[in-house]
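Down below is the structure, laid out as structure tokens.
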Amino acid sequence: MAGRTARLVLLAGAAALASGSQGDREPVYRDCVHRCEERNCSGGALRHFRSRQPIYMSLAGWTCQDDCKYECMWVTVGLYLKEGHKVPQFHGKWPFSRFLFFQEPASAMASFLNGLASLVMLCRYHTSVPASSPMYPTCVAFAWVSLNAWFWSTVFHTKDTDLTEKMDYFCASTVILHSVYLCCVSFLEDDSLYLLKESEAKFKLD
């Protein structure tokens with residue numbers, strides 16, 4: 001009975017954590033978002049919002065509801081700081097100041113630069129290593145897996161949605177799995193070359 005109770009408590013705690021973060025659970029935040037959406041996100045007010053929204057924001061997928069959440073997030077942060085509390089998280093993330101259509105400018109730029117570095121190294125690998133070399137296809141495949149992961153990381157930090165979040169985490173996981181695969185294949189390849197050289201040396205002695 002005690003073990004069952006403990007499991008229920010743990011499940012309840014996990015559900016509470018999954019339901020949101022401290023900031024977006026605050027009544028002031030929820031009330032602010034509700035009032036903002038009622039005032040700006042329907043009818044003529046919505047048409048007015050869309051008419052004054054920059055084209056790059058709409059192309060990036062920023063909606064009226066997203067704008068309300070962003071503005072109310074900073075209203076809530078301001079109240080927290082005014083009361084001497086620490087800055088809370090919202091929807092599992094720390095607040096970041098938006099720049100143009102980038103939700104997290106620094107993270108998006110870092111992901112883009114990492115992807116660019118991977119692309120440069122792939123081009124150098126293509127020009128420096130013969131295609132007939134051992135492990136060539138495996139290394140090239142790993143480079144493309146990494147490029148794909150950095151692409152989705154950049155997209156995710158630009159605009160956080162359910163799709164971009166899942167793609168970011170899934171592609172990051174594929175990089176880890178491919179790294180393990182690359183390590184194992186490289187080890188087996190080195191071991192095979194060692195055995196081959198050993199056999200050749202023995203054959204020459206005979």
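If you read the sequence from its start, that first residue is 1, and numbering goes on from there.
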Atom pair [atom1]/[atom2] of [X] and [Y] - distance to nearest 0.5 Å:
{"X": "Lys159", "Y": "Glu104", "atom1": "NZ", "atom2": "CD", "result": "11.5 Å"}
{"X": "Leu79", "Y": "Trp74", "atom1": "CG", "atom2": "CH2", "result": "13.0 Å"}
{"X": "Thr161", "Y": "Met167", "atom1": "OG1", "atom2": "CE", "result": "10.5 Å"}

If you take all heavy atoms of [X] and [Y], which pair is closest and at what distance?
{"X": "Gln103", "Y": "Phe96", "answer": "O-CB, 3.6 Å"}
{"X": "Gln65", "Y": "Glu37", "answer": "CG-OE2, 3.4 Å"}
{"X": "Cys41", "Y": "Leu46", "answer": "C-CB, 3.7 Å"}

Going through the distances and angles, do Met109 and His157 end up as a side chain to side chain contact (heavy atoms under 4.5 Å, CB included)?
CA-CA 9 Å; Met109 180 58 67; His157 290 300; over 6 Å; no

Would you say the side-chain atoms of Asp66 pair up with the backbone N or O of Thr63, donor to acceptor, closer than 3.5 Å?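 Flag set: sc Asp66 to bb Thr63 pair under 3.5 Å.
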
query: Between Thr158 (side chain) and Ala60 (backbone), is there a donor-acceptor pair under 3.5 Å?
result: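 Not at all, since once roles are kept as given, no pair shorter than 3.5 Å links the two residues.
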
Quick one: side-chain contact (heavy atoms from CB on, under 4.5 Å) partners of [X], sequence neighbours excluded?
{"X": "Phe99", "answer": "Phe102, Pro105"}
{"X": "Tyr29", "answer": "Asp24, Glu26, Val33, Lys69, Cys72, Met73, Thr76, Phe90, His91"}
{"X": "Trp144", "answer": "Leu122, Val140, Leu147"}

Check: Which residue pairs pass the side-chain hydrogen bond (donor to acceptor under 3.5 Å, both in side chains) test with at least one member in residues 165-177, sequence neighbours excluded?
Finding: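 The answer is none; no pair qualifies.
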
**OP:** If a pair satisfies side-chain hydrogen bond (donor to acceptor under 3.5 Å, both in side chains) and one of its residues is in residues 105-129, list it, with sequence neighbours excluded.
**Re:**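 Qualifying pairs, neighbours excluded: Ser111-Ser153, His126-Tyr136.
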
For residues 50-57, please give each side-chain donor-acceptor pair under 3.5 Å, one per line with the distance, not counting sequence neighbours.
from: Ser51; atom 1: OG; to: Arg47; atom 2: O; distance (Å): 3.4
from: Ser51; atom 1: OG; to: His48; atom 2: O; distance (Å): 2.6
from: Gln53; atom 1: NE2; to: Trp62; atom 2: O; distance (Å): 2.8

Sorted by chain and number, sequence neighbours left out, disulfide (SG to SG under 2.5 Å) with Cys68 holds for Cys36

For Phe170, the ring-ring contact (aromatic ring centres under 6.0 Å, His included) test, sequence neighbours excluded, returns none

Residues at least two apart in sequence or cross-chain that pass ring-ring contact (aromatic ring centres under 6.0 Å, His included) with Phe142, listed by chain then number, are His178

### Message
Under 4.5 Å side-chain heavy-atom separation, chaining through any Ile, Leu, Val, Met, Phe, Trp or Tyr, what else clusters with Tyr80? Say none if it is isolated.
### Response
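So far as hydrophobic clustering goes, Tyr80 is joined with none.
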
Practice prompt. Any pair with a residue in residues 110-177 that passes disulfide (SG to SG under 2.5 Å), sequence neighbours left out, goes on the list, sorted by first then second residue, please.
Written response: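 Applying disulfide (SG to SG under 2.5 Å) to every pair that reaches into residues 110-177, excluding sequence neighbours, yields nothing.
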
| task | Decide whether Tyr181 and Val175 are clustered together by the hydrophobic rule: side chain heavy atoms of Ile, Leu, Val, Met, Phe, Trp, Tyr closer than 4.5 Å, transitively. | result | yes

Can Phe151 be reached from Leu116 by stepping across I, L, V, M, F, W or Y side chains whose heavy atoms are under 4.5 Å apart?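 Per the 4.5 Å side-chain linkage, Leu116 and Phe151 are not co-clustered.
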
Hits for side-chain hydrogen bond (donor to acceptor under 3.5 Å, both in side chains) against Asp160, two or more places apart or cross-chain, chain-then-number order -> Lys93

